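Quick notes on the structure that follows.
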Amino acid sequence: MEKVTMADVAKEAGVSKSTVSQFLNNRFEYMGEKTKLKIEEAIKNLGYQPNYIARSLKQKRTSMVGVIVANIMHRFSTEVSRAIEDFFHEHGIHAIVCNADDNPQKEKNYIDMLRAKQVDGLIIFPTGQNHDLYKNMIVEDYPVVFMDRKVENLKALSIVTDNMQSTYNAIVYFLKKGHRKIAFAVQPLTISTRKDRLEGYKKAMKDEGININSNYIIEADISDMKANLEKLFSLSEPPTALFAGNDRVFLEVLEFLKETNRALGKDIDLIVFDNIPFAHLVEPPITVITQPAFEMGKKAAELLFAKINKTEIKPEEIVFPSKIMIH
């Protein structure tokens, strides 16, 4: 069977090849609705498949972007990725989402692979461990936006939330409720979000004149989280409140409480820093710090799209405030 060409589509629709080209490139400014429908029908009837490789060579674009997520297990990451994909879909650009598993080597492999495929730009939730790779992209002026996490010692376009201030506000809320034995659980301090949240916890405690008990701070991998919680609650003076650094820590806390017959609200007060859609369904309801994930994702996509289109944007850190949701 002969391959259907753009000329065949033009003939079938009764329009010029350039009009079909404009249609395929989503340029509808001077195109009437009838013309669009005729081209759509011709494409469908003929089973036409555009040659994206030829098109990308001609335009020097692939109409693809890469999104490298640090860990797709986080609800926040999923929501951000959805917002990015929605935006680019509306602009006729395919978003390829890759999961780095917080693994620097995996992240590097994905950056190398996506750039080899000549994607038009990247949005990266950085592991923070591939500094030279990040720096080279900035020096080359390659379109890249960093999401959720700051890259230390590098002037780059980044979208983050106010991790330190939001955590500070949450600890102040605990203190106002009368808690003084407040624990903090987080995964290893390898990225800016976790460091900033711990800093917010420490600052709130210090500002209230409360000595920080190092036994109340858990820094552990998810696989070791429950063992550390066991140690924490075995102390002669266990905490009365706990701040969970993200949704994955929260799930480990819930499992631990269930396995040890402890009750939320009775044995421990809890605040979680993350988007937990079912927080209000837990009994008693969970207090959470929610990040504006969709807004952050959309902003990252808008900035990347602008950079792809050669808009001059200075490297800056754009901070979105999070909210404490008391259910």
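None of the values given here were measured: they were computed from a predicted structure. Just so you know, these numbers use all the heavy atoms, side chains as well, and skip hydrogens, waters and symmetry mates.
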Practice problem: Look only at the side chain of Asp247 and the backbone of His74, and say whether a donor-acceptor pair between them is shorter than 3.5 Å. | Solution: no
Quiz item: Could Lys299 and Phe320 be counted as a cation-pi pair, given that NZ or CZ must be under 6.0 Å from the ring centre and within 45° of the axis?
Solution: no
Quiz item: Does the distance from a Lys or Arg side-chain N to an Asp or Glu carboxylate O, for Asp86 and Lys298, drop under 4.0 Å?
Solution: no
Quiz item: Are Ile271 and Ile324 close enough, and set up right, to give a side-chain contact (heavy atoms from CB on, under 4.5 Å), and what steps lead you there?
Solution: CA-CA 9 Å; Ile271 292 178; Ile324 185 164; 4.3 Å; yes
Quiz item: Can you tell me how far the CG atom of Leu242 sits from the CG atom of Asp267, to the nearest 0.5 Å?
Solution: 12.5 Å
Exercise. Could you label the plane-to-plane angle of the Phe184 and Phe243 rings as parallel, tilted or perpendicular, counting under 30° as parallel and over 60° as perpendicular?
Key: parallel
Self-check item: Whether His131 side chain and Glu152 backbone form a donor-acceptor pair below 3.5 Å
Solution: yes
Quiz item: Roughly how far, to the nearest 0.5 Å, is CD1 of Ile39 from OG of Ser21?
Solution: 10.0 Å
Quiz item: Regarding Gln291 and Thr161, is there a side-chain donor-to-acceptor distance under 3.5 Å anywhere?
Solution: no
Practice problem: Could you state whether Val151 and Val145 fall into the same hydrophobic cluster, counting links through intermediate Ile, Leu, Val, Met, Phe, Trp or Tyr residues with side-chain heavy atoms under 4.5 angstrom apart? | Solution: no
Exercise. Answer yes or no: is there a donor N or O on one side and an acceptor on the other, between the side chain of Asp221 and the main chain of Ser223, under 3.5 Å?
Key: no
Self-check item: From Glu199, Arg197, Lys195, residue fulfilling side chain to side chain donor-acceptor pair (under 3.5 Å) relative to Asn163
Solution: Arg197
Quiz item: Does Gln118 offer a backbone N or O that forms a donor-acceptor pair with the side chain of Thr62 under 3.5 Å?
Solution: yes
Quiz item: Counting only N and O atoms by type, is there a donor-acceptor contact under 3.5 Å from the side chain of Asp120 to the main-chain atoms of Val65?
Solution: no
Exercise. Please work out which of the three classes, parallel, tilted or perpendicular, describes the rings of Phe146 and Tyr134, given edges at 30° and 60°.
Key: perpendicular
Quiz item: To the nearest 0.5 Å, how far apart are OG1 in Thr287 and CD1 in Ile326?
Solution: 5.5 Å
Practice problem: Measure from the side-chain N and O atoms of Glu107 to the backbone N and O of Thr127, and report whether any donor-acceptor pair falls under 3.5 Å. | Solution: yes
Quiz prompt | Short N-O contact, Arg75 and Glu79, less than 4.0 angstrom | solution = yes
Quiz item: Just by modelled atom types, is the Pro126 backbone N or O under 3.5 Å from a matching donor or acceptor in the Arg149 side chain?
Solution: yes
Quiz prompt | Asp162 side chain to Ser166 side chain, donor-acceptor N/O pair below 3.5 angstrom | solution = yes
Quiz prompt | Donor-acceptor under 3.5 Å (Thr167 side chain, Gly200 main chain) | solution = no
Quiz item: Has the side chain of Arg194 got a donor or acceptor atom that lies under 3.5 Å from a matching backbone atom of Pro188?
Solution: yes
Quiz item: Counting N and O atoms only, with roles assigned by atom type, does the side chain of Asn246 sit under 3.5 Å from a partner on the main chain of Arg248, one being a donor and the other an acceptor?
Solution: yes
Quiz item: Pick from His179, Lys177, Lys181: which one makes a side chain to side chain donor-acceptor pair (under 3.5 Å) with Thr240?
Solution: His179
